[in-house]
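Counting starts at 1 for both ligands and their atoms, following the listed order. Heavy-atom basis, side chains included; hydrogens, waters and symmetry copies ignored. For the single chain, residues carry numbers from 1 onward in sequence order.
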Amino acid sequence: MDLDEIFGLRGRVAVVVGASSGLGVECARALASAGADVALLARRKERLEALAEELGASGVRARAVMADATDDASLQLAIDEVEAELGGIWALVNSAGISRLSRALKHTREKWDQVLAVNLTAAFVMSQQVARKMVARGEPGRIVHVSSVLGRGASPVHPQVGYAAAKGGVDNLTRQLAIEWAPHGITVNAIAPGYFPTELTVDPSVGEMDADFVESIRRLTPMGRAGEPAEIQSALLYLTAPRSTYVTGSVIPVDGGWTAW
Ligand SMILES: NC(=O)c1ccc[n+]([C@@H]2O[C@H](COP(=O)([O-])OP(=O)(O)OC[C@H]3O[C@@H](n4cnc5c(N)ncnc54)[C@H](OP(=O)(O)O)[C@@H]3O)[C@@H](O)[C@H]2O)c1
């Protein structure tokens with residue numbers, strides 16, 4: 001058996017929601033490097049088109065598809081478009097996410113709703129819509145949620161009760177969907193990143209993560225540093241691999257050891 005039989009994705013279609021920035025971009029690059037045709041979903045079209053061009057140059061088919069993860073109809077349209085253009089979806093990666101910092105006593109209902117809608121509800125709706133297609137075709141598939149270390153523990157660094165609640169929900173959504181869809185050969189897993197410099201964590205006025213934040217990461221992470229966004233790629237390829245047929249319901253930390261103690 002060669003490596004390609006285990007990890008290769010040539011001829012398979014993958015969808016990344018949240019592919020216009022950060023970890024979603026690195027997930028899309030990883031899938032394309034394994035040979036997958038990739039559909040890139042998010043709201044910022046130019047970003048998606050630039051990435052589609054980059055990936056297309058490596059010989060895979062890549063499509064930019066605008067979609068708002070909080071709008072069920074928009075997601076359904078996007079899935080239909082992807083399947084019509086590229087074919088049946090093999091792997092779905094839910095990487096869209098937002099965070100709204102504020103102490104729990106002051107966290108508004110509006111912020112709560114926004115965070116839950118993108119981080120948790122959209123992951124469910126997208127998974128359900130894609131899984132319905134897989135089941136109707138009688139084909140197996142892979143679903144990967146990008147959760148967070150805050151799915152299993154609270155943040156000692158930032159007050160973000162909505163985000164922590166949403167990611168806790170994502171972890172258990174992963175387990176419930178894994179159980180229900182295992183008979184169809186659809187595996188459902190999550191990656192739980194620690195801290196990575198992306199638009200989510202970088203202070204736009206400085207162009208990097210806040211110095212106190214970096215110091216907290218250094219102190220609380222056994223590896224003594226934040227992650228590099230591309231460090232998410234190997235876990236993703238493991239979870240989307242054709243041979244990962246017996247891995248489901250797991251939440252894999254990619255966190256430099258943040259959750260090891
Ligand atoms: N960075 C970290 O340290 C870290 C740590 C743990 C977990 N995570 C998780 O990793 C995932 C990716 O985050 P990131 O760090 O890569 O953040 P990011 O750079 O801010 O990217 C977030 C992505 O989500 C998309 N998105 C947000 N709202 C959306 C909406 N309504 N519809 C469609 N797409 C939407 C954004 O695209 P548009 O704005 O173009 O729509 C963007 O592509 C998130 O789930 C996040 O919670 C990140």
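Closest protein heavy atom to atom 15 (O) of ligand 1: Thr198 OG1, 2.6 Å. Nearest to atom 31 (N) of ligand 1 among the protein's heavy atoms is Asp68 OD1, 2.9 Å. Among protein heavy atoms, atom 19 (O) of ligand 1 sits closest to Ser21 OG, 2.5 Å. Among all non-hydrogen protein atoms, the one lying nearest atom 36 (C) of ligand 1 is Ser20 OG, 3.7 Å. Scanning the protein for heavy atoms near atom 12 (C) of ligand 1, the closest one is Ser95 O, 3.0 Å. Atom 5 (C) of ligand 1 has its closest protein heavy atom at Gly194 O, 2.8 Å. Counting protein heavy atoms only, atom 8 (N) of ligand 1 is closest to Tyr163 OH, 3.5 Å. Closest protein heavy atom to atom 22 (C) of ligand 1: Gly97 O, 3.6 Å.
The side chain of Thr201, and not its backbone, has at least one atom closer than 4.0 Å to an atom of ligand 1 (non-hydrogen atoms only; side chain from C-beta on). Looking at Asn119 against ligand 1, only its side chain comes within 4.0 Å, counting heavy atoms. At a heavy-atom cutoff of 4.0 Å, ligand 1 is contacted by no atom of Arg47, backbone or side chain. When heavy-atom distances to ligand 1 are checked against a 4.0 Å cut-off, Pro197 has no atom that comes that close, whether in backbone or side chain.
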For this session: Verify salt bridge (charged side-chain N to carboxylate O under 4.0 Å, His left out) between Glu54 and Arg29, making sure each step is shown before the conclusion.
Result: CA-CA 9 Å; Glu54 174 195 317; Arg29 287 181 173 141; 2.7 Å; yes
For this session: Given salt bridge (charged side-chain N to carboxylate O under 4.0 Å, His left out), test Arg12 with Glu139 step by step and report yes or no.
Result: CA-CA 12 Å; Arg12 297 179 191 266; Glu139 288 178 0; over 6 Å; no
For this session: Give the intermediate values and the outcome of side chain to side chain contact (heavy atoms under 4.5 Å, CB included) for residues Val93 and Leu236.
Result: CA-CA 9 Å; Val93 181; Leu236 182 75; 3.7 Å; yes
For this session: Check the pair His184 / Met134 against side chain to side chain contact (heavy atoms under 4.5 Å, CB included), numbers first and verdict last.
Result: CA-CA 8 Å; His184 301 287; Met134 292 170 173; over 6 Å; no
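Between atom CG of residue Leu220 and atom CH2 of residue Trp261 there is a gap of 6.0 Å, rounded to the nearest 0.5 Å. Distance CG/Leu40 to CG/Leu55: 6.0 Å, rounded to 0.5 Å.
Considering backbone and side-chain atoms alike, Val118 places every N or O at 3.5 Å or more from each N or O of ligand 1. Residue Phe196 places at least one N or O, backbone or side chain, under 3.5 Å from an N or O of ligand 1. Residue-to-ligand polar distances place Gly18 within reach of ligand 1: an N/O pair is separated by less than 3.5 Å. Considering both main-chain and side-chain atoms, Ala69 comes within under 3.5 Å of ligand 1 through a nitrogen or oxygen pair. At least one N or O atom of Lys167, backbone or side chain, sits closer than 3.5 Å to an N or O atom of ligand 1.
Remark: aromatic rings of Tyr163 and His158 are distant, center separation not under 6.0 Å. Ring to ring, Tyr238 and Phe7 are not that close: their centroids are 6.0 angstrom or more apart.
In this structure, Val251 and His145 have side chains that are not in contact, with every pair of non-hydrogen atoms separated by 4.5 Å or more.
Using a 4.0 Å cut-off between charged side-chain N and carboxylate O, Glu199 and Arg47 make a salt bridge.
Each of the following atoms of ligand 1 lies closer than 4.0 Å to a heavy atom of Glu199: 19 (O), 20 (O). Heavy-atom proximity to Val146, at under 4.0 Å, picks out these atoms of ligand 1: 9 (C), 10 (O), 11 (C), 45 (O). Heavy-atom proximity to Tyr195, at under 4.0 Å, picks out these atoms of ligand 1: 3 (O). Close approach of ligand 1 to Ala67 is summarised as follows: ligand atoms under 4.0 Å from at least one heavy atom of the residue are 32 (N), 33 (C). Near Leu23, meaning under 4.0 Å from any of its heavy atoms, are these atoms of ligand 1: 10 (O), 16 (O), 48 (C). Numbered from 1 in the order shown, with element, the atoms of ligand 1 that lie under 4.0 Å from a heavy atom of Gly22 read 16 (O), 19 (O).
Across the listed options Ala96, Ser147, Pro229, Ser147 owns the non-hydrogen atom lying nearest to atom 9 (C) of ligand 1.
For Arg137, the CZ atom counts as densely surrounded, since its 6.0 Å shell holds more than 12 non-hydrogen atoms of other residues, nucleotides or ligands. Atom CD of Glu46 has 12 or fewer neighbouring heavy atoms from other residues, nucleotides or ligands inside a 6.0 Å radius.
A side-chain donor-acceptor contact under 3.5 Å links Ser216 to the backbone of Asp212. The closest donor-acceptor contact from the side chain of Asp171 to the backbone of Thr174 lies at 3.5 Å or more, if one exists at all.
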